[in-house]
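In what follows, a single structure is set out as structure tokens and then discussed.
We name chains A, B, ... by the order of the sequence lines, and we start the count at 1 in each one.
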Amino acid sequence: MPFRQFVLKVTSRCDLACDHCYVYEHADQSWRRRPKVMARETVAMAADRMAEHARAHALRTIHVILHGGEPLLAGHERLEETIVRLRDAVRGICELDLRVHTNGVSLDERFCRMFADHDVRVGVSLDGGRRANDLHRRYADGRSSYDRVVRAVDRLGREFPDIYAGLLCTIDIGNDPVPVYEALVALRPPVVDFLLPHATWDHPPPRPAGVATPYADWLIAIHDRWRKDGEPVRVRMFESIIRTTQGQGSLTESLGLDECDLAVIETDGEYEQADSLKTSFSGAPATGCDVFSHTLDDVARSPAIAARLGGLEGLCDTCRACPVVESCGGGLYAHRHRVGTGFQNPSVFCDDLMKLITHVRSQAEVRPRAGIRVRAGVRAERGREGAAPAAHTIPGPDLAALAAGYGDAATMTHLAASQTSARRLLISSVYKLAGPGVADAWKLLTELDRGHPDAVREVFDHPYVRVWAARCIARGQWAHPETRYLSNIAAAAALRAGVAARLAVATRGGSVPLPAMGSIPAGRAQEAIIETGPGVFAVATEDRRWEVRLDEPAAAGDWRPISRLTADGVSMALDDVDPYRDCYDHAVAPRLSPERLARWQAMFAEAWEVVKRDHSRYAPALAAGLRVLTPLVAPGGDVQASATARHAFGAIGVALPGRPDDLAMLMIHEFQHVKLGAVLDLTDLFDGTDEELYHVSWRQDPRPLEGVFQGTYAHMAVTEVWKARTRPGMGHIPEKATENYLRWRDGTLEAVDTLARSGSLTEVGRQFVAGMRAAARSWLDD
Amino acid sequence: MVILRSEITDLRDVPLSEVSELGMGAEVRRIVPASEDVRRVPVAAFNSAI
């Protein structure tokens, strides 16, 4: 297995003298012979070795932690040089996830700014409040480190939240656990972890007489308080227990059965194993290799690494027979050591781990996926409490109607239902990425979901909410500011429900957007406070306050509600305020003037008449499924612009054309993409690994199969629109309309055949294309 | 045409508070193909950093 994690010991000395430190106070004293700071040539060689390894194993990402000693003792310039050298080495080879872990006492603004400039995330060691922290984390002369560290962490949280990685706390059972937890959470870290103090069977951890599992008891007190608080911060240890119970990987080497993919590079360039082994015996982490003479593959083959088997195979018989071994994994490797039997022992914390894991599992109600229960009685047709959630289905006739290019209100209900589920999943995934900043919003959303599910669904189903969620998930960055928009979603749901709530919400482009509702200006504020109530809400920034009554006309006020377009039998939103509507290949138009909105309304009403009268087979699905129109910037001249975005189910972007029948065609055309996108969400119609490019008549450049699928499906409708326009009295020159019809007909027929012959269709895909083909070939009967 | 049994789990009646605990990373990646598995919180499993 290749190495993916590298701990770069940029210094070997520390400015604190913590008496529980495994580097200086435990068995291995190799720090005494190593350079104080890693030399430039050692940094360069280490960087090149990592890059060489990433290239050889085609790694997409490597993780490097700048560590020590105290890494900040390297100084601002040297540390920045090191960071730049590392980034240069792997550029074009792999992603570099770079972190630094510090005791925090020297973490000044200059360091923070430099780390922010180079996208280096910062973790800090802190053992709790002043009293708890100062039990061990002191300077050599006995002075407290607490104030300096808390000042630095506070700065990180306030001014540099994007690089604030979290807090690491070493457990001392002499401290009261709950105040330790409270002190850490008060600093609003995205993640916290609690480290068991390093110990072995020959040097066991301190335990009060008569207390069998004091470390479990200490951690359980925190765990229960954490759960009672609604899990306001992620705790790596607890989360790892839950994940490993569900068959996922652990987030820490101290738990779980994952193989170790970590190498340490010391200041002299020697490769070592995880440096917690310094606690086991002198020389325990050594590999006998160094960056100047050995590749990382050499290190992987070294006897020290090769002897350490991963998974169950590497554990002693006691561990292998243990019922919680998937979560415990034998505990931290260093904690298993005993003179005579080496590492073939359970952890010296075995009893504590057993009790803690059992407790966390029981409290988390960790259940396999099939055991998740649906709510009772919410939906009469499927709300049987106790049933496991099933997959969405589409009845055969609806799928056949979609394949032919149409579908009706019932068809759209099936597609929309699956989109609702997808949104619940994506938004929940964003919550897991979002960190403690959205804890209040999530709590409100889960309460509303119980008491006012329709209000939550209305907001979740707004097309651009999924655009936001997908963007956050694709970025994958923990606690990124964009995730805070979850608060705006919660506020909009509360407002729809008429529920009193108070939340900090995010601003976007100088406004507070409320998805599916509208937006209100907020000046330069980065954040605002919103208070909602029945039919009313207020938004306050530091220097202004707005109050809005939803039943009052908005024209004169600052509130910019989403407008509605209406026509005979239909109503849909015209969203020109949502910040995530800018998801198309075309530029979106700014907020419309009242005059421009009136033009939209007039043309929409006429266009809808055209759809109903001349293209009636497309009307039912459009009426049921098109929720939002977003104005695009007109390209100018006679050029039309319209667009769809895969994540914005239910929305299309359109630049207002000159004629109602053109608007009708653009709506019909784009809505084909909306329908097919939802089908592709539901199931694979073709082999996604097909990299072949295919020619279609409407593009100069060859297209991938999905592009051919989407284009063909949309042009089936375009062909039918032109076919209708060939009829007398349609306002088009019949010869011209016929010419266009025949051109689109032939091109579409050819493209359907291209799909059918691609050899990359799935079984459902073959049936779907057969349905498309049958519908298209019916044109030849005319 | 067959009744399509889809790749999307029906979560409409699963309480939102439980959806986040379902461990449906593969389904998320299917809907948002650009995403990796939700990035490991501490990046590395290295015990002595976060």
P453(A) side chain near R12(B) side chain, heavy-atom distance below 4.5 Å
no

Under 4.5 Å to a heavy atom of chain B? For V122(A) that would be neither

From I8(B) CD1 over to S421(A) OG, what is the distance, rounded to the nearest 0.5 angstrom?
7.5 Å

Working to the nearest 0.5 Å, report the span between CZ of R30(B) and CG of L682(A).
8.0 Å

Out of L195(A), T420(A), T102(A), which one racks up the most heavy-atom pairs below 4.5 Å with chain B?
L195(A)

Side chain from CB out, backbone as N, CA, C, O: work out which of these in I427(A) comes under 4.5 Å of a heavy atom of chain B, or both, or neither.
neither

Non-hydrogen atoms of chain B under 4.5 Å away: do they reach the side chain of A417(A), the backbone, both or neither?
both

For D684(A), which atoms come within 4.5 Å of any heavy atom of chain B: side chain, backbone, both, or neither?
both

Value rounded to 0.5 Å, distance of CG in L425(A) from CG in L16(B)
10.5 Å

Can you tell me how far the CE atom of M24(B) sits from the CG atom of L426(A), to the nearest 0.5 Å?
10.0 Å

Pick from G166(A), A391(A), P189(A): which one has the most heavy-atom pairs with chain B under 4.5 Å?
A391(A)

Identify, with sequence neighbours excluded, every residue that meets ring pair (Phe, Tyr, Trp, His ring centres under 6.0 Å) alongside Y164(A).
none

CZ (R423(A)) and CG (L11(B)) are apart, to the nearest 0.5 Å, by 13.5 Å

Euclidean distance, S17(B) OG relative to E447(A) CD, rounded to 0.5 Å
10.0 Å

If we ignore hydrogens and angles and just use 3.5 Å, is the side chain of S6(B) paired with the main-chain N or O of H392(A) as donor and acceptor?
yes

Among H414(A), H647(A), R4(A), the residue with the most heavy-atom pairs under 4.5 Å to chain B is H647(A)

According to ring pair (Phe, Tyr, Trp, His ring centres under 6.0 Å), who are the partners of Y431(A), at least two apart in sequence or on a separate chain?
W442(A)

Side chain, backbone, both or neither: which part of L167(A) has a non-hydrogen atom closer than 4.5 Å to chain B?
backbone

Side chains of R424(A) and V14(B) in contact at under 4.5 Å (non-hydrogen atoms):
no

